[in-house]
Amino acid sequence: MSLISVTLPDGNVNEYAAGITCSEVIIDVLGKKNGCVAAMVDGHERDMSYQLLDSCMIEGIKAESDAGMYILRHSTAHLLAQAVVELYPNAKPTIGPPVDRGFYYDFAMEPLLESDLKAIHKKMQEIARRNLTLERVELDEAELREHFASNPYKLEIIEDKVGAGSGSTIYRQGDWYDLCLGPHVPSTGKLMFCKLTSVSSAYWRGDQSREQLVRIYGIVEPTKDALKQTLHKMEEAKKRDHRKLGKDLQLFHIDEEVGQGLILWTPRGAIIRQELQNFIGEHLTRQGYSQVFTPHIGKLDLYRTSGHFPYYQDSQYPPLVEKDLMRKLSEEGCSCSELSNLMKTGDIDGYMLKPMNCPHHVKIYASQARSYRNLPIRLAEFGTVYRWEQSGEISGMTRVRGFTQDDAHLFVTEEQIGQEVLGCIELVQIIFEKLGMVDYRVRVGLRDPDSTKYVGDPDRWHKAEQACREAAASLGVEWSEEEGEAAFYGPKIDFVVKDVIGREWQLGTVQVDYNLPERFDLTYKGSDGELHRPVMIHRAPFGSMERFCGVLIEHFAGRFPTWLTPTQCHILTISQKHTDYANHVAAKLKENGIRVEIDDGDDTIGKKIRTHRKLHPAYMIILGDGEAESNTVSLRGRNGDQIADIPLDEFVRDICSEITKKSAKPSLV
RNA sequence: GCCAACGUAGCACAGCUGGUAGUGCGUCGGAUUUGUAAUCCGACGGUCGGGGGUUCGAGUCCCUCCGUUGGCUCCA
């Protein structure tokens with residue numbers, strides 16, 4: 001038998017007889033498997049049982065590594081499928097991939113209930129305990145078809161993915177097997193520590209016109225402890241959910257009688273929003289923006305020119321029609337579809353709730369003759385827009401039907417694009433940094449080189465794309481280029497953050513636009529005395545106040561920094577004879593612009609603390625005889641720490657300074 | 001929009017196979033006047049998401065609409 005040279009991660013080279021398995025090499029080197037579930041051989045993931053026939057480089061893949069977790073999840077998806085088929089013999093497994101935080105498997109079967117998961121989980125554990133070996137088997141096309149003869153979904157995959165004439169592999173565990181390329185863990189015993197998290201539905205191949213499948217989601221970890229930890233984290237994440245905290249902290253309300261996806265900002269939430277808007281406003285002024293105000297509606301004609309109507313009719317609220325016209329049309333027996341057609345053709349006019357602020361801002365630009373000396377012109381507005389999101393998509397504050405963008409439109413010359421894009425993203429960065437949001441990524445959306453859907457000259461596109469790239473690269477955070485993700489009217493930079501349950505949300509965006517200036521025939525006079533076309537940049541560093549606040553609530557878990565928190569000080573009296581002093585302290589704080597709430601009720605101090613801590617004020621101020629006599633306050637912080645008898649003036653000075661500095665955390669206790 | 005589950009007082013929940021609604025917190029009233037995570041007593045509060053049906057009788061079963069949640073699809 002021939003010998004092969006196997007290069008190890010540390011650079012050492014061992015010689016083995018050809019045909020040795022990954023597992024044997026790893027055990028030979030380490031004396032044990034050391035938690036490896038698979039191996040990386042010359043850059044390819046392989047099973048532990050994979051035989052090495054040629055000289056190669058090898059490295060073990062540990063279960064807890066990213067690649068290892070992926071394999072663990074994938075194998076657990078198989079385990080799930082086997083369990084489901086054993087319990088429901090008519091269920092047909094379709095696909096079951098690993099995903100970021102776990103895995104899922106889709107089955108063609110009768111709908112399941114959440115409560116059925118328990119039995120399935122039990123079955124999975126039973127199979128895991130059988131410790132079945134996962135065996136890779138290569139089959140030719142005919143054999144594959146024979147193995148999956150009763151499963152049309154697998155046959156379809158064989159048809160499409162495997163291709164005519166070629167074979168593929170299956171993985172067998174006990175008497176069950178699945179079509180799969182692997183790799184997998186060596187045996188089902190590695191998959192003990194899993195949990196099924198939810199059951200929902202999905203379409204076969206994500207196609208709405210095809211069969212509805214039952215999707216089961218689950219998670220898995222290499223050890224019991226890790227599973228416990230992950231479950232604990234999931235519980236913690238649930239507590240931070242902005243929908244729950246928003247209710248508990250009285251930040252916003254959604255009322256079904258008002259409408260789905262329409263946020264009512266209650267007084268406490270409104271403070272947070274106002275503070276954020278003030279904060280952005282300061283930076284807008286510094287960066288040379290002009291603030292404008294525009295109404296919530298505009299004529300259909302405006303949106304015909306901009307292109308929003310009727311091309312995006314599906315995602316807009318239906319147009320508003322003047323009442324006399326409506327009456328006349330209705331007397332004439334005009335049907336809804338006729339009305340809709342008349343609107344499309346422009347034969348009748350109406351108004352639209354604005355889906356975007358840009359047309360209004362364009363009109364402000366166009367209201368005067370502009371010169372190159374005026375550019376860039378930067379128009380900013382907290383503009384509320386309305387979009388008809390699909391009902392199933394609406395969620396809390398993060399996906400809504402009416403929202404306020406921290407919007408601005410910059411009208412610039414071609415040469416100014418780079419510098420202005422940079423200015424926009426610097427603003428985003430300043431704001432994210434101040435709020436401690438460091439876990440975000442940047443996506444640069446570029447043209448799909450094969451598509452012709454884009455408007456504007458390719459050379460200009462190229463320059464704008466380059467400007468976006470350079471701007472993104474200058475940020476010093478993770479960024480990626482994504483071809484085909486540009487808007488049809490220009491390249492863009494998106495800021496994406498994760499919420500506590502791992503969902504990613506696009507917040508800020510900066511988009512270059514060649515289209516609207518063209519459609520509205522915008523011009524400026526250049527130094528050459530000729531008229532030129534400006535370029536527009538759309539930007540919204542927070543995306544929308546609704547979504548941003550939703551994400552912020554989760555980011556801070558409801559414990560906002562002093563400058564943002566709705567009530568900064570809760571004054572609690574020891575007994576009712578301290579009410580006068582409490583009012584004195586409150587007045588002093590309010591004079592200094594500090595938001596205060598007093599509780600001078602007849603509850604015990606313990607009870608008051610318990611009540612008020614639920615609202616997470618920056619500080620609780622406890623006032624009794626001692627404080628009243630010496631004109632001091634005693635503080636209690638969020639973590640329960642206490643400081644007694646701080647002179648009132650000193651406290652006012654310190655908290656004011658903390659607020660002015662927009663400190664990340666209350667730090668006076 | 002599609003699939004599934006869910007929808008009981010302001011909030012969190014209980015209510016078995018149909019017999020006509022309970023608990024805790026909150027609120028209000030009374031007592032208490034308290035020094036750092038629940039003082040005691042009492043009261044108010046629900047046409048059980050809306051509408052329709054089955055039944056002698058429905059929070060409990062069926063239909064339908066609305067909403068919420070988890071996914072899918074979509075997102076200028």
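Here the structure is a predicted model, which is why all the values come from computation and not from measurement. Chain letters run A, B, ... following the sequence lines, proteins first and then strands; every chain starts at 1.
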Is it the case that the base of rG67(B) and the side chain of Glu257(A) share a donor-acceptor contact (distance under 3.5 Å, atom types as modelled)?
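In this structure, the two groups form no donor-acceptor pair.
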
Spell out yes or no: do the side chain of Arg399(A) and the base of rC75(B) have one donor N/O and one acceptor N/O closer than 3.5 Å?
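Yes, the side chain and the base share a sub-3.5 Å donor-acceptor pair.
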
Within the pair [X] and [N], is there a side-chain N or O less than 4.0 Å away from OP1 or OP2?
| X | N | answer |
| --- | --- | --- |
| Tyr203(A) | rA4(B) | no |
| Ser201(A) | rG71(B) | no |
| Thr604(A) | rU39(B) | yes |
| Arg243(A) | rG70(B) | yes |
| Gln260(A) | rG67(B) | yes |
| Lys608(A) | rA38(B) | no |

Nearest-Å distance once atom [atom1] is located in both [N] and [M]:
| N | M | atom1 | result |
| --- | --- | --- | --- |
| rG51(B) | rA58(B) | P | 14 Å |
| rG59(B) | rC75(B) | P | 45 Å |
| rG46(B) | rG7(B) | C1' | 14 Å |
| rC74(B) | rC13(B) | C1' | 36 Å |
| rC40(B) | rU32(B) | C1' | 8 Å |
| rG50(B) | rG67(B) | C1' | 10 Å |
| rC2(B) | rC61(B) | C1' | 26 Å |
| rC11(B) | rU47(B) | P | 13 Å |

Counting only Watson-Crick pairs (N1-N3 plus N6-O4 or O6-N4) and G-U wobbles (N1-O2, O6-N3), all under 3.5 Å, who is the partner of [N]?
| N | result |
| --- | --- |
| rG19(B) | rC56(B) |
| rC6(B) | rG67(B) |
| rC44(B) | none |
| rA31(B) | rU39(B) |

Calculate the interatomic distance between [X] atom [atom1] and [N] atom [atom2]; express it in whole Å.
| X | N | atom1 | atom2 | value |
| --- | --- | --- | --- | --- |
| Glu256(A) | rC66(B) | CD | P | 11 Å |
| Ile609(A) | rU36(B) | CD1 | C1' | 3 Å |
| Glu211(A) | rA4(B) | CD | P | 15 Å |
| Tyr104(A) | rC72(B) | OH | P | 8 Å |
| Gln212(A) | rG70(B) | CD | C1' | 13 Å |
| Leu615(A) | rA37(B) | CG | P | 17 Å |
| Gln576(A) | rU39(B) | CD | P | 14 Å |
| His578(A) | rU34(B) | NE2 | P | 8 Å |

Compare the minimum distances between each of [options] and the side chain of [X], then state the nucleotide with the smallest one.
| X | options | answer |
| --- | --- | --- |
| Lys607(A) | rG26(B), rU33(B), rG35(B) | rG26(B) |
| Asp603(A) | rG35(B), rG1(B), rU39(B) | rU39(B) |
| Ile605(A) | rU36(B), rA76(B), rG1(B) | rU36(B) |
| Ser315(A) | rA12(B), rA76(B), rG1(B) | rA76(B) |

Considering every strand and a 4.0 Å limit on heavy-atom distances, what is the contact class for [X]: base, sugar-phosphate, or nothing?
| X | answer |
| --- | --- |
| Glu110(A) | nothing |
| Asp207(A) | nothing |
| Ile622(A) | base |
| Ser198(A) | sugar-phosphate |
| Arg613(A) | base |
| Met356(A) | sugar-phosphate |
| Gly624(A) | base |
| Gln316(A) | base |
| Ile394(A) | sugar-phosphate |
| Gly392(A) | base |

Could you check Lys244(A) against Tyr217(A) and say which one's nearest nucleotide on RNA chain B is further toward the 5' end?
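Between the two, 5'-proximity favours Lys244(A).
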
5′-ward residue of the pair Tyr386(A)/Arg215(A) relative to RNA chain B
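Looking at RNA chain B, the more 5' nearest nucleotide goes with Arg215(A).
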
Distance flag, aromatic centroids of [Y] and [X], threshold under 6.0 Å:
| X | Y | result |
| --- | --- | --- |
| Phe252(A) | Trp265(A) | no |
| Tyr105(A) | Phe107(A) | yes |
| Tyr303(A) | Phe309(A) | no |
| Tyr489(A) | His538(A) | yes |

Flag yes if more than 12 heavy atoms outside Asn639(A) fall under 6.0 Å of its CG atom; otherwise flag no.
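Yes, the 6.0 Å shell around CG holds more than 12 heavy atoms from other groups.
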
Would you confirm whether Thr632(A), through its side chain, and Ala628(A), through its main-chain N or O, come within 3.5 Å as a donor-acceptor pair?
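Checked: no pair found.
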
For RNA chain B, which residues of residues 632-645 of chain A approach it to below 4.0 angstrom with any heavy atom?
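Heavy-atom cutoff 4.0 Å gives Ser634(A), Arg636(A), Gln642(A).
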
Carefully, step by step, assess Thr562(A) and Gln568(A) under the rule side chain to side chain donor-acceptor pair (under 3.5 Å).
CA-CA 6 Å; Thr562(A) 311; Gln568(A) 296 163 321; over 6 Å; no

Working note: Asn357(A) + Gln405(A), criterion side chain to side chain donor-acceptor pair (under 3.5 Å); need CA distance, chi angles, decisive distance, verdict.
CA-CA 9 Å; Asn357(A) 299 305; Gln405(A) 297 178 307; 3.2 Å; yes

When you measure from the centre of the six-membered ring of Tyr203(A), is the NZ or CZ of Arg210(A) closer than 6.0 Å and no more than 45° off the axis?
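No, Arg210(A) does not sit over the ring of Tyr203(A).
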
With side chain to side chain donor-acceptor pair (under 3.5 Å) as the criterion, how do Asp494(A) and Thr509(A) come out once you've worked through the C-alpha distance, each side chain's angles and the decisive distance to 0.1 Å?
CA-CA 4 Å; Asp494(A) 291 331; Thr509(A) 180; 2.7 Å; yes

May I ask you to decide if the ring planes of Trp461(A) and Tyr514(A) are parallel, tilted or perpendicular, using 30° and 60° as cut-offs?
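The rings of Trp461(A) and Tyr514(A) sit tilted, inter-plane angle from 30° to 60°.
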
When the ring planes of His361(A) and His409(A) are compared, do they come out parallel, tilted or perpendicular, using 30° and 60° as the limits?
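Correct class here is perpendicular.
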
